[in-house]
Amino acid sequence: MSGITVSRRGERLVAVKHPHADQADRCRAEAALLARLEHPGLVPFVDLVDHGDTCELHTGYMGTDTWARTPPATDHALIDGLAAVASTVADLHDLGVTHGALLVEHVIVGHDQRPFLCSLGDARPVDPSTEADDMA
């Protein structure tokens with residue numbers, strides 16, 4: 001991805017992913033998946049602005065911190081956060097999808113410390129190998 005900016009859409013803040021042209025198909029796939037899933041543990045899909053050779057993925061703005069920058073500060077917060085992420089991942093698997101690149105950079109810390117998963121461009125159908133990758 002070449003970058004993420006924050007924009008306003010009416011009264012709503014949105015995160016706007018600006019992928020490089022060679023990542024446009026991956027961005028479109030992520031947009032289609034987010035639009036289909038509408039899960040409370042995922043960044044919410046807002047829109048895909050397709051320019052042909054490039055596109056922009058608009059999702060609900062959930063915050064700028066990720067677990068990479070702001071990991072859970074207490075044991076209690078860690079346990080609650082891991083339980084929420086595990087629940088979301090289990091729901092994805094039940095829906096036949098794996099995240100595919102589950103890293104701390106892909107867990108956004110919401111305003112109430114609730115974790116939201118983003119970056120589903122590497123999502124794949126569930127099979128024993130992809131499921132094991134998510135679990136690791």
Side-chain angles (χ1 to χ4, degrees):
M1 293 287 159
S2 62
I4 299 174
T5 60
V6 178
S7 184
R8 185 170 295 281
R9 186 171 206 176
E11 295 298 314
R12 184 177 195 180
L13 286 176
V14 295
V16 181
K17 280 189 179 182
H18 306 273
H20 293 290
D22 64 342
Q23 295 292 310
D25 287 340
R26 183 175 178 266
C27 181
R28 289 182 189 100
E30 180 177 6
L33 183 61
L34 287 172
R36 179 173 62 93
L37 294 178
E38 295 186 31
H39 189 281
L42 300 175
V43 293
F45 175 76
V46 174
D47 195 12
L48 177 70
V49 179
D50 201 327
H51 304 287
D53 57 341
T54 64
C55 63
E56 297 174 357
L57 173 58
H58 297 209
T59 61
Y61 174 78
M62 308 312 286
T64 57
D65 286 336
T66 66
W67 276 3
R69 286 186 292 233
T70 308
T74 66
D75 290 345
H76 182 72
L78 177 62
I79 291 167
D80 286 351
L82 286 174
V85 169
S87 178
T88 298
V89 170
D91 289 347
L92 289 176
H93 292 181
D94 287 347
L95 295 167
V97 177
T98 58
H99 185 281
L102 197 51
L103 304 170
V104 291
E105 294 86 3
H106 301 151
V107 181
I108 297 173
V109 180
H111 73 281
D112 59 356
Q113 301 305 304
R114 178 179 167 78
F116 295 91
L117 298 182
C118 66
S119 300
L120 279 92
D122 293 324
R124 300 287 177 260
V126 170
D127 67 33
S129 174
T130 60
E131 187 173 37
D133 288 345
D134 271 4
M135 298 308 288

Query raised in the report: Any donor-acceptor pair under 3.5 Å linking the side chain of H20 with the backbone of D22?
Result: no

Query raised in the report: Where do L42 and T59 land on the side chain to side chain contact (heavy atoms under 4.5 Å, CB included) test, with the steps shown first?
Result: CA-CA 10 Å; L42 300 175; T59 61; over 6 Å; no

Report summary line: What one should report as the nearest heavy-atom pair of C27 and E56 is SG-C, 4.5 Å

Query raised in the report: In terms of hydrophobic clustering (I, L, V, M, F, W, Y; side-chain heavy atoms under 4.5 Å; direct or indirect links), are V126 and L34 co-clustered?
Result: no

Requested in this report: Could you pull out all residues at least two apart from L95 that satisfy side-chain contact (heavy atoms from CB on, under 4.5 Å)?
Outcome: L37

Report task. Go through the structure and list residues passing side chain to side chain donor-acceptor pair (under 3.5 Å) with H111, not counting sequence neighbours. Result -> none

Query raised in the report: What residues, two or more places apart in sequence or in another chain, satisfy side-chain contact (heavy atoms from CB on, under 4.5 Å) together with A86?
Result: none

Query raised in the report: So do the side chains of H99 and V89 get within less than 4.5 Å of each other, counting heavy atoms only?
Result: no

Query raised in the report: Taking side chain as C-beta onward, heavy atoms only, is H39 less than 4.5 Å from V97?
Result: no

Query raised in the report: Quick one: CD on Q23 to SG on C55, what's the gap to the nearest 0.5 Å?
Result: 10.0 Å

Report task. Find the distance between CD (Q113) and OG1 (T70) and round it off to the nearest 0.5 Å. Result -> 8.0 Å

**Report entry** hydrophobic_cluster_shared for L120 and V104, side chain cutoff 4.5 Å
**Finding:** yes

Query raised in the report: At what distance, to the nearest 0.5 angstrom, does OG of S119 lie from CD1 of I4?
Result: 6.0 Å

Requested in this report: Could you name each residue pair satisfying salt bridge (charged side-chain N to carboxylate O under 4.0 Å, His left out) that touches residues 81-97, not counting sequence neighbours?
Outcome: none

Report task. List, by chain and number, the other hydrophobic cluster members for V14, where Ile, Leu, Val, Met, Phe, Trp and Tyr join if side-chain heavy atoms come within less than 4.5 Å, directly or indirectly. Result -> V16, V46

Query raised in the report: Which residues pass the side chain to side chain donor-acceptor pair (under 3.5 Å) test with H106, sequence neighbours left out?
Result: none

Requested in this report: Not counting sequence neighbours, which residues clear side chain to side chain donor-acceptor pair (under 3.5 Å) with D25? List them please.
Outcome: R28

Query - side-chain contact (heavy atoms from CB on, under 4.5 Å) partners for T54, two or more places apart - result: A21, H51

Query raised in the report: Residues sharing L13's hydrophobic cluster, by side-chain heavy-atom contacts under 4.5 Å among ILVMFWY, directly or via others?
Result: V6, Y61

Query raised in the report: When rounded to the nearest 0.5 angstrom, what is the spacing between CG in L48 and NZ in K17?
Result: 11.5 Å

Report task. Report the C-alpha separation of H18 and T5 in whole Å, then their side-chain angles, then the decisive distance to 0.1 Å, and conclude whether the side chain to side chain contact (heavy atoms under 4.5 Å, CB included) test is met. Result -> CA-CA 8 Å; H18 306 273; T5 60; 2.8 Å; yes

Query raised in the report: Looking at D134, T88, T98, which hits side chain to side chain donor-acceptor pair (under 3.5 Å) with H93?
Result: D134

Query - Qualifying residues under side chain to side chain donor-acceptor pair (under 3.5 Å), relative to R9, sequence neighbours excluded - result: D47

Query raised in the report: Under a 4.5 Å side-chain heavy-atom rule over Ile, Leu, Val, Met, Phe, Trp and Tyr, are F45 and L33 clustered together?
Result: yes

Query raised in the report: Does the side chain of W67 come within less than 4.5 Å of L103's, by heavy atoms?
Result: no

**Report entry** Sequence neighbours excluded, every pair satisfying side-chain hydrogen bond (donor to acceptor under 3.5 Å, both in side chains) that has a member inside residues 120-130
**Finding:** R26-D122, D127-T130

Query raised in the report: Among all residues two or more places apart in sequence or in another chain, which pass the side-chain contact (heavy atoms from CB on, under 4.5 Å) test with L78?
Result: P72, L82

**Report entry** For F116 against P40, the heavy-atom pair lying closest together
**Finding:** CE2-O, 3.3 Å

Query raised in the report: Do the side chains of E30 and P19 get nearer than 4.5 Å, heavy atoms only?
Result: no

